[in-house]
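Worth knowing before you read on, the calculation uses all heavy atoms, side chains too, and leaves out hydrogens, waters and symmetry mates.
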Amino acid sequence: ERAGFVPRPPEPEKDPKPGFRGGKALLIFFLCNAVPFSAIMYYLREQREKRTEMAMLVLPKAPEEVAAEVLRVIRTAAVCFLLQ
């Protein structure tokens, strides 16, 4: 007070500006949303490929096995009961 120094008054808080907030916020958004989503999609695609591969291994290879499978399906299908 002797030298004429008076404490500076507090500055009013500034409101955040609408719009683009910068690259850091965009990076955080992608890390929280896009990366887990793409990981889930990759996992599901891999599982679908494994299921398809397993289904192809189960298919009958010999003609007798194919005929036995057809008879089994015909006997268990509800519509085929009427045809027999």
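- Judged as a salt bridge (charged side-chain N to carboxylate O under 4.0 Å, His left out), and not counting sequence neighbours, the contacts of Lys50 are Glu46.
- Arg72 pairs by the side-chain contact (heavy atoms from CB on, under 4.5 Å) definition with Glu69, not counting sequence neighbours.
- Remark: Ala62 engages Glu64, Glu65 in a side-chain contact (heavy atoms from CB on, under 4.5 Å) (not counting sequence neighbours).
- Note that the CD atom of Gln47 and the CD atom of Glu49 stand 10.0 Å from one another [nearest 0.5 Å].
- In the hydrophobic clustering (ILVMFWY side chains linked at under 4.5 Å, chained through shared members), Ile28 stands by itself.
- Rounding to the nearest 0.5 angstrom, the gap separating the CG atom in Leu26 from the CZ atom in Phe29 is 8.0 Å.
- Here Leu44 pairs with Ile40 under the side-chain contact (heavy atoms from CB on, under 4.5 Å) rule; sequence neighbours left out.
- Grouped with Tyr42 in a hydrophobic cluster is no other residue, since no side-chain heavy-atom contact under 4.5 Å to another Ile, Leu, Val, Met, Phe, Trp or Tyr is found.
- Partners of Phe37 by side-chain contact (heavy atoms from CB on, under 4.5 Å), not counting sequence neighbours, listed by chain and number: Met41.
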